[in-house]
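All of these numbers come straight from a predicted model, not from anything done at the bench. Letters A, B, ... mirror the listed sequences (proteins, then strands); counts begin at 1.
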Number of protein chains: 2
Amino acid sequence: MSLEKTSTVESLLGLLSQGPMSGYEMRQMMERSTTSFWSESFGQIYPALRRMVEDGLATVEEQSKDGRAKKVYRLTDAGERRLRRWLGVEARPQVRRNELLLKVYFGDRAERGAIAAQVVAERERCEDEMHRFEAALLRMEMEHARHPALPYWKMTVRYGMAEAKAVMEWCDETFEELEKRGLVSRARM
Amino acid sequence: MSLEKTSTVESLLGLLSQGPMSGYEMRQMMERSTTSFWSESFGQIYPALRRMVEDGLATVEEQSKDGRAKKVYRLTDAGERRLRRWLGVEARPQVRRNELLLKVYFGDRAERGAIAAQVVAERERCEDEMHRFEAALLRMEMEHARHPALPYWKMTVRYGMAEAKAVMEWCDETFEELEKRGLVSRARM
DNA sequence: TAGCACATGTAATAAGTTACATGATTTT
DNA sequence: AAAATCATGTAACTTATTACATGTGCTA
């Protein structure tokens with residue numbers, strides 16, 4: 001069975017479970033909806049789609065709308081089963097690689113103010129993200145008010161918000177601590 | 001200059017800034033100290049060390065302690081400079097891939113109770129992690145009470161704690177919401 | 001004496017991004 | 001007419017893990 005370490009195929013099965021679409025559209029959907037926790041490049045998507053058809057998880061149909069050709073993929077029963085089975089398997093904890101924390105960890109070796117600057121930048125990133133999450137939540141409620149999957153989609157956004165808020169608080173607490181220790185450069189204050 | 005997308009070399013420079021050591025010891029240190037946000041495999045470490053010596057960022061000395069040979073690496077001035085410069089460059093936001101959220105996002109297609117089970121498992125993972133962070137904080141205070149880098153090390157642990165707490169709260173909130181919607185299987189309740 | 005920790009390294013494989021190639025249609 | 005978007009795909013390259021190969025020294 002699925003010996004892969006990642007879920008590229010499953011992410012595509014999931015998208016197809018919402019309706020038939022092309023590889024290009026899958027990429028767009030991810031950019032719009034799951035980009036904060038999942039995305040795939042074309043270099044992953046197209047070969048994966050070929051394998052999925054080979055394995056009977058999806059079928060293709062070549063459509064030419066207005067002379068513009070595209071391949072529309074459709075989930076098979078086997079694909080649906082495969083998706084459902086995967087949803088029942090406990091998610092593997094992701095390998096975390098956090099460059100910010102690596103820099104903080106070696107902060108002792110940094111120039112005065114360098115780590116404080118990292119923390120300030122991170123705080124700003126989180127604020128931006130939070131605004132995007134708030135907008136996403138509103139957009140979802142407007143555009144998909146009655147969609148049966150809406151509660152699940154909202155859960156993923158709330159996860160992002162919870163994380164962003166926690167990191168923001170950590171940034172504030174950490175900045176204060178650096179300030180207390182005189183580790184914030186004058187230019188930054 | 002550093003055209004790499006990741007910071008394998010920099011993580012090793014950082015460890016060497018704490019004193020000369022072997023590749024094996026670097027791996028051990030990461031396992032002990034940075035594993036929650038950074039780790040490297042031997043397959044990355046040994047080739048990177050060779051390149052670092054080639055680039056003049058470190059020197060090697062072959063030691064044979066009790067007949068057991070090992071290569072001890074030492075930071076050069078160039079290595080120290082490179083580390084300091086890297087610490088001043090804004091950290092790149094990591095690419096997030098969260099399999100749990102991918103499953104939640106497609107939760108609509110799952111069997112009854114499957115997503116609640118995912119959330120319960122995640123909550124347990126966070127609890128375990130939180131305990132490890134608490135232990136790490138205590139151990140640091142005991143073993144390195146006067147180490148100048150201690151405040152930075154603690155900051156990275158507090159980040160982990162803040163995140164774990166936020167995710168735990170999300171798990172509780174999400175489980176409740178699933179329960180309210182009757183999406184928790186009886187066996188689990 | 002078996003097994004584990006120490007110690008270094010390579011090869012195979014997997015996973016992923018980016019750039020490139022191609023070409024149509026739509027918008028500015 | 002140029003630029004952006006739609007659309008599919010491949011090749012080159014980078015990154016990373018895992019398994020394997022090899023050997024020493026200590027401990028149960």
Side-chain angles (χ1 to χ4, degrees), chain A residues 1-12 15 20-32 34-35 37-54 58 60-73 92-99 102, chain B residues 1-12 15 20-32 34-35 37-54 58 60-73 92-99 102:
Chain A
M1 275 281 136
S2 150
L3 292 157
E4 294 104 31
K5 308 264 174 247
T6 50
S7 310
T8 298
V9 165
E10 284 79 7
S11 69
L12 301 178
L15 289 175
M21 66 184 92
S22 69
Y24 191 84
E25 286 169 314
M26 292 183 209
R27 181 83 215 277
Q28 282 184 315
M29 286 216 113
M30 286 196 191
E31 282 301 293
R32 250 182 288 135
T34 68
T35 197
F37 59 89
W38 203 270
S39 73
E40 301 283 355
S41 61
F42 286 128
Q44 291 276 97
I45 290 172
Y46 288 120
L49 286 172
R50 199 174 53 76
R51 285 198 307 274
M52 282 160 64
V53 173
E54 276 168 20
V60 218
E61 196 197 338
E62 220 131 342
Q63 280 184 2
S64 68
K65 206 181 182 182
D66 324 301
R68 187 181 278 173
K70 71 169 166 174
K71 295 184 174 183
V72 175
Y73 293 82
R92 292 157 296 194
Q94 68 242 24
V95 180
R96 296 180 204 203
R97 286 199 132 194
N98 189 322
E99 207 181 65
L102 193 61
Chain B
M1 274 268 153
S2 146
L3 293 157
E4 294 106 31
K5 308 259 174 247
T6 51
S7 311
T8 298
V9 165
E10 285 79 6
S11 69
L12 301 178
L15 290 174
M21 68 184 92
S22 68
Y24 192 84
E25 288 170 313
M26 291 181 210
R27 180 85 216 277
Q28 281 184 315
M29 287 214 115
M30 286 196 191
E31 282 300 293
R32 250 184 286 135
T34 67
T35 198
F37 58 89
W38 204 269
S39 74
E40 300 284 354
S41 62
F42 286 128
Q44 290 276 97
I45 291 172
Y46 288 121
L49 286 171
R50 198 175 55 74
R51 285 198 306 275
M52 283 160 65
V53 172
E54 278 168 19
V60 218
E61 196 196 337
E62 219 132 341
Q63 280 184 2
S64 68
K65 207 180 182 184
D66 324 301
R68 187 182 279 175
K70 70 169 168 176
K71 295 184 172 183
V72 175
Y73 293 82
R92 292 158 296 196
Q94 69 242 23
V95 181
R96 297 180 201 199
R97 288 200 130 192
N98 190 324
E99 208 182 61
L102 193 61

Distance check, rounded to the nearest 0.5 Å: [X] atom [atom1] versus [Y] atom [atom2]?
X: Met29(B); Y: Leu15(B); atom1: CE; atom2: CG; value: 7.0 Å
X: Ser39(B); Y: Arg96(A); atom1: OG; atom2: CZ; value: 11.5 Å
X: Leu12(A); Y: Met26(A); atom1: CG; atom2: CE; value: 5.5 Å

>> Checking Trp38(A) against Glu40(A) for the side-chain contact (heavy atoms from CB on, under 4.5 Å) test, could you report, in this order, the C-alpha distance in whole Å, the side-chain angles of both residues, the deciding distance, and whether it holds?
In response: CA-CA 7 Å; Trp38(A) 203 270; Glu40(A) 301 283 355; 2.9 Å; yes
Separation of [N] [atom2] from [X] [atom1] (nearest whole Å):
X: Glu4(B); N: dT17(C); atom1: CD; atom2: C1'; result: 15 Å
X: Arg51(B); N: dT8(C); atom1: CZ; atom2: P; result: 17 Å
X: Tyr46(B); N: dA16(D); atom1: OH; atom2: P; result: 18 Å
X: Gln63(B); N: dT24(D); atom1: CD; atom2: C1'; result: 16 Å
X: Glu31(A); N: dT5(D); atom1: CD; atom2: P; result: 13 Å
X: Arg92(B); N: dG16(C); atom1: CZ; atom2: P; result: 18 Å
X: Trp38(B); N: dT15(D); atom1: CH2; atom2: C1'; result: 11 Å
X: Lys71(B); N: dT24(D); atom1: NZ; atom2: P; result: 17 Å

>> Minimum heavy-atom separation for Arg97(A) and Gln94(B), please, with both atom names.
In response: O-CB, 3.4 Å
>> I want to check one thing: is the phosphate of dG16(C), taken as OP1 and OP2, less than 4.0 Å away from some side-chain N or O of Thr6(A)?
In response: yes
> Does a nitrogen or oxygen in the side chain of Thr8(B) sit under 4.0 Å from OP1 or OP2 of dT15(D)?
Replying inline: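 Negative; the distance criterion is not met.
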>> By nearest atom, which of the nucleotides dA16(D), dG16(C), dT10(D) is closest to the Arg97(B) side chain?
In response: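 For the Arg97(B) side chain, the nearest candidate turns out to be dG16(C).
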> Between dA24(C), dA16(D), dG16(C), which nucleotide has the shortest distance from any of its atoms to the side chain of Arg68(A)?
Replying inline: dA24(C)
>> Can you list, in residue-number order, the parts of residues 21-29 of chain B that come under 4.0 Å of DNA chain C, counting heavy atoms only?
In response: Ser22(B), Gly23(B), Tyr24(B), Gln28(B)
>> My understanding is that only residues two or more places apart in sequence, or in another chain, count here; which of them pass side-chain contact (heavy atoms from CB on, under 4.5 Å) with Pro93(B)?
In response: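 So Pro93(B) forms a side-chain contact (heavy atoms from CB on, under 4.5 Å) with Arg125(A).
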> By side-chain contact (heavy atoms from CB on, under 4.5 Å), which residues pair with Ser22(B), not counting sequence neighbours?
Replying inline: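 side-chain contact (heavy atoms from CB on, under 4.5 Å) list for Ser22(B), sorted by chain: Tyr24(B), Glu25(B), Lys70(B).
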>> If we ignore hydrogens and angles and just use 3.5 Å, is the side chain of Thr35(B) paired with the main-chain N or O of Arg32(B) as donor and acceptor?
In response: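 Pair absent, no side-chain N/O of Thr35(B) close to backbone of Arg32(B).
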> End-to-end bend of the helix from dT1(C)-dA28(D) to dT28(C)-dA1(D) (five-pair axes, 10° rounding)?
Replying inline: 30°
>> I'd like to check the side-chain hydrogen bond (donor to acceptor under 3.5 Å, both in side chains) partners of Glu99(B); sequence neighbours left out, ordered by chain and number.
In response: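 Residues passing side-chain hydrogen bond (donor to acceptor under 3.5 Å, both in side chains) with Glu99(B): Ser7(A), Arg92(A).
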>> I'd like to check the side-chain hydrogen bond (donor to acceptor under 3.5 Å, both in side chains) partners of Lys71(B); sequence neighbours left out, ordered by chain and number.
In response: none
Output a table of nitrogen or oxygen pairs between the protein and nucleotides 18-20 of chain D separated by less than 3.5 Å.
none

> On DNA chain C, nearest-nucleotide positions of Ser39(A) versus Leu49(B): which is more 5'?
Replying inline: Leu49(B)
>> Glu62(A): which residues meet the salt bridge (Lys or Arg N to Asp or Glu O under 4.0 Å) condition with it, sequence neighbours left out?
In response: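 Glu62(A) satisfies salt bridge (Lys or Arg N to Asp or Glu O under 4.0 Å) with no residue once adjacent residues are dropped.
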Acceptor/donor pairs from residues 45-54 of chain A side chains to any protein atom, 3.5 angstrom cut, sequence neighbours excluded:
{"residue": "Arg50(A)", "atom": "NH1", "partner": "Glu54(A)", "partner atom": "OE2", "Å": "2.6"}

